[in-house]
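What follows is a short report on a single structure.
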Amino acid sequence: MTPFDDWIAGAIGGGLIGLASLVLMGLLGRIAGISGVVGSVVEGAREGFGWRAAFVAGLILGPLLYAVIRGGEAVPVRLDVESWPILIAGGLLVGFGTRLGSGCTSGHGVCGLARLSPRSLAAVAVFFAMALVTVFVTRQMLGWGG
Amino acid sequence: MGARRIAAGGFAGLLFGLGLAVSGMMDPARVIGFLDIGRLATDGVWDPTLGFVMGGALLLTLPGFARMRREGRPLLAERFAWPTRRDIDARLVVGAALFGVGWGLVGFCPGPAVSALSSGLQPVFLFAAAMVAGMLLYRLVDRMLGGA
């Protein structure tokens, strides 16, 4: 694949993510925010548990379906950090932070920006800025990942 | 109504997971490739794909949501549950900041972390378990502080 193919695949995949968000709003009237959906499921919230659990199952089945479409070629998942303490710290920060901040890349990013929400715009600016700084410090200054 | 709502959730989740896989965003290496702008200066490499993914999604959600906000109602629910808050408070900013640090550390945000469980890789399960623990920890802290 050339970089250009990667960009096209990105735009098509993004379109599918946007379509999924429209389907969820059009059918159930809900924002497709993954941190909110997953958070509600693991908290065992009674209201809307069924569709949310099904959504999470779909999230996991989607890549398997794509692997079948591609003739059995698995979708790549490459982590440049294998250290357990870093994986755990990263997971804790993502879980705690997205719930405290009421959303992640999907709820604030894809859906919130589309609603022109000032809260989502602020959240997206902050989490992108912090991610850029974190990657600069860890990959450039500390030399993680090779 | 119940079974149709569950099917609708499953269908939307499947589309979302398919989109994450097709776009390459299930792969933390590709996300870090976008966020690691320092490499542009050191060896001239940068992966803009994440920008195309956001663009491709917004191309549909911007006009789609605008239309839904003007009229109609969802097919399987009483009304659209649009978020109503517009204030930028400390919780939003601090939460987004903590999330950003975790995202940059590993390269996973919640959607890809869940979708990547399909790979069966042990580090993904560890990250996802910690993410769930972080969510439950927030719930605990929120309750202790009396909510808001």
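Note that the coordinates shown come from a computational prediction; the quantities given were computed from them, not determined experimentally. Throughout, protein chains are lettered first and strands after them, A, B, ... in sequence-line order, and every chain is numbered starting at 1.
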Does some side-chain heavy atom of M130(A) sit less than 4.5 Å from a side-chain heavy atom of F99(B)? no
How long is the span from the CZ atom in R99(A) to the CG atom in L136(B), to the nearest 0.5 Å? 9.5 Å
Rounded to the nearest 0.5 Å, how far does CG of L15(B) lie from CD1 of I17(A)? 10.5 Å
Taking 4.0 angstrom as the limit, do D89(B) and R119(A) come out as a salt bridge? yes
Working to the nearest 0.5 angstrom, can you tell me the gap between F80(B) CZ and I31(A) CD1? 10.5 Å
Residue part contacting chain A, namely of T61(B), when any heavy atom lies under 4.5 Å: both
Under the side chain to side chain contact (heavy atoms under 4.5 Å, CB included) criterion, do L22(A) and F65(B) qualify, and how do the steps go? CA-CA 7 Å; L22(A) 290 182; F65(B) 281 178; 3.7 Å; yes
Is it the backbone or the side chain of W144(A) that comes under 4.5 Å from a heavy atom of chain B, or both, or neither? side chain
How close do S115(B) and P63(A) get, heavy atom to heavy atom, and via which atoms? O-CG, 3.7 Å
Just wondering, do V77(A) and P28(B) contact through their side chains at under 4.5 Å, heavy atoms? yes
Kindly assign one of parallel, tilted or perpendicular to the pair W103(B) and F128(A), based on the angle between their ring planes and the thresholds 30° and 60°. perpendicular
Between I34(A) and F16(B), is any pair of side-chain heavy atoms under 4.5 Å apart? yes
Does the distance from a Lys or Arg side-chain N to an Asp or Glu carboxylate O, for R139(A) and D36(B), drop under 4.0 Å? no
With a 4.5 angstrom heavy-atom cut-off, which part of R86(B) approaches chain A: side chain, backbone, both or neither? both
Honestly, the part of T138(A) sitting under 4.5 Å from a heavy atom of chain B is side chain
Non-hydrogen atoms of chain B under 4.5 Å away: do they reach the side chain of V94(A), the backbone, both or neither? both
Looking at CZ of R69(B) and CG of L116(A), how far apart are the two atoms once the value is rounded to the nearest 0.5 Å? 8.0 Å
With rounding to the nearest 0.5 Å, note down the distance linking CG in L79(A) to CZ in F127(B). 9.0 Å
How long is the gap from CG on L92(B) to OG on S120(A), to the nearest 0.5 Å? 7.5 Å
For residues M54(B) and L113(A), determine if any side-chain heavy atom of one lies less than 4.5 Å from a side-chain heavy atom of the other. yes
Can you tell which of G50(A), G39(A), P76(A) has the highest number of heavy-atom pairs within less than 4.5 Å of chain B? P76(A)
With heavy-atom distances below 4.5 Å as the criterion, would you say the side chains of F96(A) and V141(B) are in contact? yes
Relative to chain B, which segment of A123(A) carries a heavy atom at a distance below 4.5 Å: side chain, backbone, both, or neither? both
If you apply the rule side chain to side chain contact (heavy atoms under 4.5 Å, CB included), what do you find for L59(A) with L20(B), and how did you get there? CA-CA 9 Å; L59(A) 270 182; L20(B) 286 171; 4.1 Å; yes
